[in-house]
Number of protein chains: 2
Amino acid sequence: MQKLSERIGRGDLMAANCPSREVLKHMTSRWGVVVLIALEGGTHRFAELRRRIGGVSERMLAQTLRHLEEDGMVLRTAHDVVPPHVDYCLTPLGAEAASKVRQLADWIEVSMPRIAAQWEKRAS
Amino acid sequence: MQKLSERIGRGDLMAANCPSREVLKHMTSRWGVVVLIALEGGTHRFAELRRRIGGVSERMLAQTLRHLEEDGMVLRTAHDVVPPHVDYCLTPLGAEAASKVRQLADWIEVSMPRIAAQWEKRAS
DNA sequence: CTGTATCCCACTTGATACTG
DNA sequence: CAGTATCAAGTGGGATACAG
């Protein structure tokens with residue numbers, strides 16, 4: 001598979017059925033970014049993650065974790081006890097992914113003053 | 001503004017009204033990634049970009065370009081002639097943004113074999 | 001040529017209730 | 001505790017027609 005930047009302009013770029021599009025969606029989805037970064041801090045349980053992140057519904061957290069698990073970025077470990085106890089942590093692949101999205105997120109935060117300045121300029 | 005990675009776990013992270021969330025959405029939207037990378041190749045006209053990218057509707061290309069322009073990443077230059085002639089290119093800020101999303105996209109492409117292997121493992 | 005306006009649908013997300 | 005099921009609401013994106 002060639003790199004994206006080498007395929008630009010050849011018409012087949014990031015087509016709807018391109019598998020990497022799915023991965024990008026999972027990584028940059030509403031909660032994907034935050035889950036990846038939260039798990040950089042170490043292993044966490046479901047409810048613990050939910051509190052740590054804040055504002056995410058059970059449904060969306062479960063869905064986000066399942067997607068990331070399917071992509072091989074999150075490792076889900078269910079201890080067979082009652083009440084249930086499930087741990088989530090990053091795989092080595094997931095750690096790389098988390099690093100990449102954090103670099104992007106951090107760039108945005110650092111650049112926000114410049115972006116906000118542009119917004120105000122247009123508002124005037 | 002603190003960096004994202006330093007705000008995790010304090011409850012206010014990436015709230016729905018967080019302005020950086022908007023920027024992230026524009027940069028990682030269906031066509032935002034591709035437009036940014038396409039413009040790394042230099043200045044392009046509207047129809048030229050549309051052909052170069054392929055598969056994007058006029059509506060979505062216009063919307064994507066307008067968002068990126070509002071965020072100060074794309075510079076739109078309209079030459080006042082008939083028929084209309086409009087050029088698009090990256091600003092310095094946009095060039096940084098394009099580099100970041102390309103790094104992420106390239107990582108995904110390079111990592112696709114590992115991800116696809118995980119998909120097949122689950123399918124079995 | 002470079003868009004805008006309109007309509008429409010699929011998909012994402014959220015709220016709530018329920019279960020093993 | 002750790003989810004799933006269901007329903008309601010909002011959003012992103014495409015097709016088409018039209019305008020400056």
Side-chain angles (χ1 to χ4, degrees), chain A residues 11 13-19 21-35 38-39 43-71 74-89, chain B residues 13-19 21-36 38-39 43-71 74-89:
Chain A
L13 171 72
M14 282 283 179
N17 54 7
C18 179
R21 168 64 59 181
E22 281 304 299
V23 180
L24 181 66
K25 260 168 60 177
H26 296 161
M27 288 175 62
T28 63
S29 69
R30 174 80 191 269
W31 300 111
V33 179
V34 193
V35 166
L39 285 177
T43 297
H44 293 286
R45 304 179 56 171
F46 186 86
E48 198 178 355
L49 261 179
R50 218 185 142 206
R51 280 191 305 274
R52 188 174 171 84
I53 288 173
V56 61
S57 65
E58 295 177 352
R59 183 184 181 285
M60 290 314 299
L61 180 56
Q63 186 176 106
T64 303
L65 285 168
R66 189 152 17 88
H67 284 151
L68 293 176
E69 188 196 0
E70 286 168 1
D71 293 348
V74 163
L75 183 65
R76 178 183 184 276
T77 309
H79 305 100
D80 200 4
V81 296
V82 304
H85 182 139
V86 182
D87 285 323
Y88 293 94
C89 65
Chain B
L13 171 72
M14 281 281 179
N17 54 7
C18 179
R21 168 64 57 180
E22 280 305 299
V23 180
L24 181 66
K25 260 168 58 177
H26 297 160
M27 287 175 62
T28 64
S29 69
R30 173 81 191 270
W31 300 111
V33 180
V34 194
V35 166
L36 283 171
L39 285 177
T43 299
H44 293 287
R45 303 180 57 173
F46 187 86
E48 199 178 355
L49 262 179
R50 222 188 137 202
R51 279 191 304 273
R52 188 175 171 82
I53 288 173
V56 62
S57 66
E58 296 177 350
R59 181 185 182 278
M60 291 315 299
L61 180 56
Q63 186 177 105
T64 303
L65 286 167
R66 188 153 18 86
H67 284 152
L68 293 176
E69 188 197 359
E70 287 168 2
D71 293 347
V74 162
L75 182 64
R76 178 182 184 276
T77 310
H79 305 101
D80 199 3
V81 295
V82 303
H85 182 136
V86 182
D87 285 323
Y88 292 94
C89 66

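Throughout, a chain's letter reflects where its sequence line sits, starting with A, and its residues are numbered from 1.
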Distance in angstrom units between A:H85 NE2 and D:dA2 P, rounded: 7 Å
Nearest-Å distance for atom pair CD1/C1', residues A:I53 and C:dG14: 16 Å
Sugar-phosphate, base or nothing in reach of A:R76, heavy atoms under 4.0 Å: sugar-phosphate
Residue met sooner reading DNA chain C from 5', once A:P83 and A:V56 are mapped to nucleotides: A:V56
Under-4.0 Å side-chain N/O to phosphate OP1/OP2 contact, B:K25 with D:dT11: no
Gap between atoms CD and P, on A:E58 and C:dA15 respectively (whole Å): 11 Å
Nucleotide nearest A:Q63 when distance is taken to its side chain, options D:dG14, C:dT13, C:dA17: C:dT13
Value in whole Å for how far the P atom of C:dC11 lies from CE of B:M60: 16 Å
Phosphate contact (C:dG14 OP1 or OP2) by A:R30 side-chain N/O below 4.0 Å: yes
Value in whole Å for how far the C1' atom of D:dA19 lies from CZ of B:F46: 14 Å
Backbone N/O of A:R30 and side chain of B:R21: donor-acceptor pair under 3.5 Å: yes
Below 4.0 Å: OP1/OP2 of C:dG3 and any side-chain N or O of B:Y88: yes
Sugar-phosphate, base or nothing in reach of A:R50, heavy atoms under 4.0 Å: nothing
Nearest-nucleotide 5' precedence on DNA chain D, B:P84 against B:S29: B:S29
Length of the line joining A:L61:CG and D:dC1:P, which is rounded to integer Å: 14 Å
Side-chain N or O of B:R59 closer than 4.0 Å to phosphate OP1/OP2 of D:dG12: no
Residue pair B:G32 / B:L68: nearest heavy atoms and the distance that separates them: O-CD1, 4.4 Å
A:R51 CZ to D:dG3 P, straight-line distance once rounded to whole Å: 14 Å
Heavy-atom closest contact (A:L61 atom, A:V56 atom, distance): N-CG2, 3.7 Å
Closest non-hydrogen atom pair between B:T43 and B:C89, with its separation: OG1-CB, 3.3 Å
Nearest-Å distance for atom pair NE2/C1', residues A:H44 and D:dA2: 17 Å
Among D:dG13, D:dT4, C:dT2, the nucleotide that comes nearest once only the side chain of B:A47 is considered: C:dT2
Out of D:dG14, C:dT2, D:dT4, whichever nucleotide has its closest atom nearest the side chain of B:S57: D:dG14
Expected output: side-chain B:R50 to main-chain B:S57 donor-acceptor under 3.5 Å: no
